Protein chains: 2
Amino acid sequence: MPNNQFKKGELYSFITGKASTAIARRLQKKFNTAGLNITIEQWSVLYHLWKQEGISQQELCNATFRDKPSITRLVDNLEKLNLVKRVASENDRRINLIFLTKQSQKLQEETMALADETLNEALETVPTDKVDICKEVLQIVYDNLK
Amino acid sequence: MPNNQFKKGELYSFITGKASTAIARRLQKKFNTAGLNITIEQWSVLYHLWKQEGISQQELCNATFRDKPSITRLVDNLEKLNLVKRVASENDRRINLIFLTKQSQKLQEETMALADETLNEALETVPTDKVDICKEVLQIVYDNLK
DNA sequence: TTTGGATAGTTGCACAAACAACTATATGCC
DNA sequence: GGCATATAGTTGTTTGTGCAACTATCCAAA
């Protein structure tokens, strides 16, 4: 039994993602308090567009680990909020390229600051080397299952 | 800056819970393949009832980190599937006590085995001591934010 | 004993996720 | 060129989540 670390009673919070749920809720509250009318999921799409805009919905699927219908609807809602714009690709008419609007460009700095703040609150009192190990383990878990 | 471990580009997967999402998806697929017609969320409620049944919906809220409407609907759906039963408390008529049915008692062994299997796949190649540190960090994160 | 506040649970609404089925376009092979 | 197949995106359905507003019950203090 090489990997029998999880006795009963310990597996629950790994599966349910207790910690990441708590982080997401905290960040959502910060968005709401700041009067930012976006969801964490919408923010996660913008996050990748801030790194590079003009990518396809399929590329957003890969980046955000979501399926195509999820991205369709997130982009729908982001478009309603005037935060992104679909532009049909000239080369391949199946593809929508997603671009930021001026409004969403303005959101980057403020939301990133709130995200940093949230993570600092989450990791208060945790030594850096333990955080590094934790990140490493979570990455391996993801790679093992993807 | 005591906790500046998260440079940009690293915070994303912590917030989105990439790893726990992958674990939950894998376990859900195992349930489906085994012909078990329940969701991970429903399973997470049963998980606590297997430890102790006859608890109130509010106690299920605390145990599963969900709000009251979420538990109301999960219990609704579990009742439709004949997996739990609401029984009004004699002492306090506001309270529903939730009990398992024979069907859900049978589910425990099989689903727990699939959950163990999933975690073993997830943690393959991860040394035990790193898993322990990871669990520790995630618990602190949760405590810091709750 | 009444009244006001707390607690348990439900309902409505908006948003999101997973899956299946669908449309439209592109591509490769005959 | 024409057809099979793959790819990009959309739509419908079920399930779950978070918030606000609501009902019912309990409890404690005037």
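So you know, we letter chains A, B, ... as the sequences are listed, proteins then strands, and number each from 1. Note that the coordinates shown come from a computational prediction; the quantities given were computed from them, not determined experimentally.
For B/L78 and D/dT15, the CG to C1' distance is 12 Å, given to the nearest whole Å. Atoms CZ (A/F31) and C1' (C/dA14) sit 18 Å apart, rounded to a whole Å. Rounded to an integer number of Å, the gap from CD of B/Q42 to C1' of D/dT14 is 11 Å. What separates NZ of B/K68 from P of C/dG12 is a distance of 17 Å, to the nearest Å. Atoms CG (B/D76) and P (D/dT14) sit 16 Å apart, rounded to a whole Å. Counting to the nearest Å, the C1' atom of C/dT7 and the CG atom of B/D67 are 15 Å from each other. Note: CD1 (B/I55) to C1' (C/dG9) measures 15 Å, nearest angstrom. The distance from atom CG of A/N32 to atom P of D/dG18 is 12 Å, rounded to the nearest whole Å.
In terms of phosphate contacts, B/T72 brings no side-chain nitrogen or oxygen within less than 4.0 Å of OP1 or OP2 of C/dT11. Taking only side-chain nitrogens and oxygens, B/N77 comes nearer than 4.0 Å to OP1 or OP2 of D/dG16. A close approach under 4.0 Å does not occur between any side-chain nitrogen or oxygen of B/Q57 and OP1 or OP2 of C/dT7. The side chain of B/Q28 places no N or O atom within less than 4.0 Å of a non-bridging phosphate oxygen (OP1 or OP2) of C/dA17. The phosphate of D/dT17 has neither OP1 nor OP2 within less than 4.0 Å of any side-chain N or O from B/R73. Contact check, B/R66 against D/dG16: no side-chain N or O comes under 4.0 Å of OP1 or OP2.
Each of C/dA16, D/dG16, C/dT10 was ranked by its minimum atom distance to the side chain of A/T39; first place goes to C/dA16. Of the candidate nucleotides D/dG9, D/dC19, C/dA18, D/dC19 has the atom lying nearest to any side-chain atom of B/P69.
B/L60 has its side chain within reach of B/L49: a pair of non-hydrogen atoms, C-beta onward, lies under 4.5 Å apart.
A/T101 places a side-chain N or O within donor-acceptor distance of the main-chain N or O of A/N82, the cut-off being under 3.5 Å. Distance alone, capped at 3.5 Å, is enough to place a donor-acceptor pair between the A/S44 side chain and the A/E41 backbone. Side chain of A/Q28 to backbone of A/I40: a donor-acceptor contact under 3.5 angstrom is found.
For the segment residues 87-101 of chain A, residues with any heavy atom less than 4.0 angstrom from an atom of DNA chain D are, sorted by number, A/R94, A/I95, A/N96.
For the 3.5 Å distance criterion, the side chains of A/D67 and A/S70 qualify, holding a donor opposite an acceptor.
In this structure, B/I71 reaches neither bases nor backbone, as no heavy-atom distance under 4.0 Å exists between it and the strands shown.
Remark: B/K85 fails to qualify as a cation-pi partner of B/F99 under the 6.0 Å distance and 45° angle criteria applied to the six-membered ring.
Residues B/A122 and A/N144 share a closest heavy-atom pair of O-ND2, 2.8 Å.
Each of B/F65 and A/R86 has a nearest nucleotide on DNA chain D; the 5'-most of these lies closest to A/R86.
Aromatic ring orientation, A/Y12 versus B/F65: tilted (interplanar angle from 30° to 60°).
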